[in-house]
Amino acid sequence: MKWLVAKRVSQIRILEAARVLRAGGLVVMPTETVYGLAADAFDPCAVRRVFELKGRPSFDPLIVHVLDTAQLVTVARAVPASVRRLIDAFWPGPLTLVLPRRAALPAGVTAGLATVAVRMPRHPVARRLLRAFGGPIAAPSANRFGRISPTSAAAVQKEFGADTPPVLDAGPCFHGVESTIVRPSRGGFEILRPGAVTDAQIARATGRRVWLRGPRPPTAHPEAPGLLRQHYAPSRPVRILRPGWRSSPPRFRGRDALLAFREGIECFPGVVRVLSRRGSLREAARNLYRLLRQLDESGARRIFVEEVPAGGVGSAINDRLRRAAGVGDRPGG
Ligand code: AMP
Ligand code: MG
């Protein structure tokens with residue numbers, strides 16, 4: 001895959017950011033999925049600062065980013081043989097693995113769970129930062145809890161305003177939706193959060209059964225709170241438009257906004273944004289959060305979002321759209 005980094009980040013900026021991390025501070029790092037709020041994974045105070053700045057409940061564990069397998073084994077106690085196939089196939093890349101954790105990792109990172117979620121990012125700037133820092137970096141998405149994930153430095157600034165930590169601005173993120181979170185289970189792989197790597201890709205690479213975790217009753221301690229019903233949400237009410245809606249549309253009003261998958265919307269009274277003119281799911285994923293933010297800031301009263309075709313990265317997009325609408329955990333697509 002060709003790597004397009006829209007903005008060059010100087011080595012001096014990388015070294016400064018590594019110094020901030022070493023001193024227990026936070027920085028914002030680009031990854032190929034979304035921008036992350038980065039802290040030294042082994043510094044419990046720095047990790048606490050991440051939760052405070054995001055307003056993230058302490059039960060919602062962070063993803064730990066590693067440069068290589070040498071860093072991986074400092075946070076994960078065991079790497080099952082089946083998981084090695086996934087690592088070979090998808091790392092570095094947008095796949096997060098849930099593995100047994102090492103006791104030395106601060107409990108706050110994993111929200112007290114016996115497992116740790118780990119990922120080896122592919123983004124060259126994330127990798128340069130990991131190398132300069134020399135250890136695993138805990139980094140959730142760089143947004144306030146429950147809100148839209150940022151895919152640009154400007155979006156991060158809007159989230160945190162004057163509290164924004166130093167940002168390594170490398171331009172827009174390549175995938176635009178979060179990593180796929182996978183847990184080895186019963187001879188196969190359970191997808192806890194659909195993302196940029198698809199279930200079909202995982203099944204093909206491993207020859208094992210892959211399934212999407214179904215709906216479960218809300219608990220006080222969700223195992224994957226990325227699966228909270230309301231998440232990735234604009235401040236305006238979001239309404240889902242199911243396939244076929246164009247033949248019998250709801251009554252739209254002038255201050256409604258519409259996020260459409262592809263071209264061909266006629267007679268919509270308010271602002272319209274199109275995820276992909278040519279109907280590409282990959283392009284739609286890349287544009288999703290940027291356009292959702294634009295509509296949120298447009299002064300619209302309600303935001304209607306059109307479901308995209310199921311399958312491939314469409315599952316991840318529809319998952320985020322449903323959670324933005326507060327109707328997550330619906331099976332399908
Ligand atoms: P974010 O980095 O904001 O995309 O959120 C990271 C997500 O990773 C969390 O919301 C959890 O759903 C998931 N996660 C982190 N650690 C674990 C774990 N040990 N087991 C299952 N899911 C996890
Ligand atoms: Mg997040």
Side-chain angles (χ1 to χ4, degrees), residues 26 28-39 41 47 50-51 53-66 72 75-79 83 94-103 105-121 123 126 136-151 155-156 159-160 173 175-185 189-197 212-213 216 218-234 285 288-289 292-293 316 319-320 323-324 328-329:
L26 309 183
V28 175
M29 87 175 167
T31 80
E32 66 271 29
T33 57
V34 302
Y35 275 76
L37 187 60
V47 168
V50 170
F51 282 88
L53 184 56
K54 276 186 67 99
R56 185 171 175 121
S58 57
F59 62 69
D60 193 356
L62 308 182
I63 292 175
V64 176
H65 296 70
V66 296
L72 169 66
V75 298
R77 192 159 38 77
V79 182
V83 166
L95 182 76
T96 296
L97 298 168
V98 173
L99 298 171
R101 56 166 279 181
R102 285 218 185 263
L105 195 65
V109 174
T110 64
L113 296 176
T115 52
V116 58
V118 203
R119 171 157 108 79
M120 190 187 287
H123 195 292
I137 291 176
S141 52
N143 53 277
R144 305 249 182 215
F145 179 69
R147 300 296 314 282
I148 306 172
S149 300
T151 53
V156 178
E159 284 294 309
F160 298 121
C173 299
H175 290 292
V177 287
E178 294 80 357
S179 60
T180 306
I181 303 181
V182 168
R183 169 167 65 186
S185 168
F189 297 105
E190 184 179 28
I191 297 185
L192 302 181
R193 175 176 73 184
V197 172
L212 191 61
R213 182 160 75 173
R216 30 184 66 207
T219 63
H221 192 147
E223 277 169 277
L227 297 186
L228 284 173
R229 199 167 259 268
Q230 175 90 43
H231 213 100
Y232 314 107
L288 175 67
Y289 290 138
L292 208 47
R293 263 174 201 279
D319 171 78
R320 305 307 188 272
R323 286 174 213 293
D329 278 348

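Only this structure's heavy atoms are used, side chains among them; waters, hydrogens and symmetry mates stay out. Counting convention: from 1, in listed order, for ligands and their atoms alike.
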- Nearest heavy atoms of Ala142 and Val28, plus distance in Å: CB-CG1, 4.2 Å
- Closest to atom 3 (O) of ligand 1 (judged by heavy-atom distance), picking from Gly112, Gly36, Ser141: Ser141
- Note on the structure: Checking heavy-atom distances from atom 14 (N) of ligand 1 to each of Pro61, Ala111, Gly195, Ser179, the winner is Pro61
- Item | Plane angle bin for Tyr232 and Tyr289 - parallel if under 30°, tilted between 30 and 60°, otherwise perpendicular | parallel
- Task: Kindly write out the residues that satisfy side-chain contact (heavy atoms from CB on, under 4.5 Å) with Val98, not counting sequence neighbours, or none if the list is empty.
- Result: Thr115, Ala117, Ile181, Arg183, Leu192
- Item | Under the side-chain contact (heavy atoms from CB on, under 4.5 Å) test, residues paired with Ala41 that sit two or more places apart | Val64, Leu105, Pro136, Ala138
- For Val98, the atoms of ligand 1 under 4.0 Å from one of its heavy atoms are 20 (N), 21 (C)
- Task: Check salt bridge (Lys or Arg N to Asp or Glu O under 4.0 Å) between Arg101 and all other residues, then give those that pass, not counting sequence neighbours.
- Result: none
At under 4.0 Å between heavy atoms, which part of [X] makes contact with ligand 1: side chain, backbone, both or neither?
X	value
Arg193	side chain
Thr115	both
Thr110	neither

- Would you check whether Arg56 reaches within less than 4.0 Å of ligand 1, judged by its heavy atoms? yes
- Task: State if Arg101 counts as touching ligand 1 under the rule of any non-hydrogen atom under 4.0 Å.
- Result: no
Any donor and acceptor pair, going by atom type alone, linking the side chain of [X] with main-chain N or O of [Y] inside 3.5 Å?
X	Y	result
Arg56	Pro61	yes
Thr33	Glu178	no
Arg144	Leu53	yes

- Student check: side-chain heavy atoms of Asn143 and Lys54 closer than 4.5 Å: yes
- Note on the structure: Atoms of type N, O or S from the protein that sit nearer than 2.8 Å to the Mg ion (ligand 2) number exactly 1
- Message: Rounded at 0.5 Å granularity, tell me how far CD1 in Ile148 sits from CZ in Arg320.
- Response: 13.0 Å
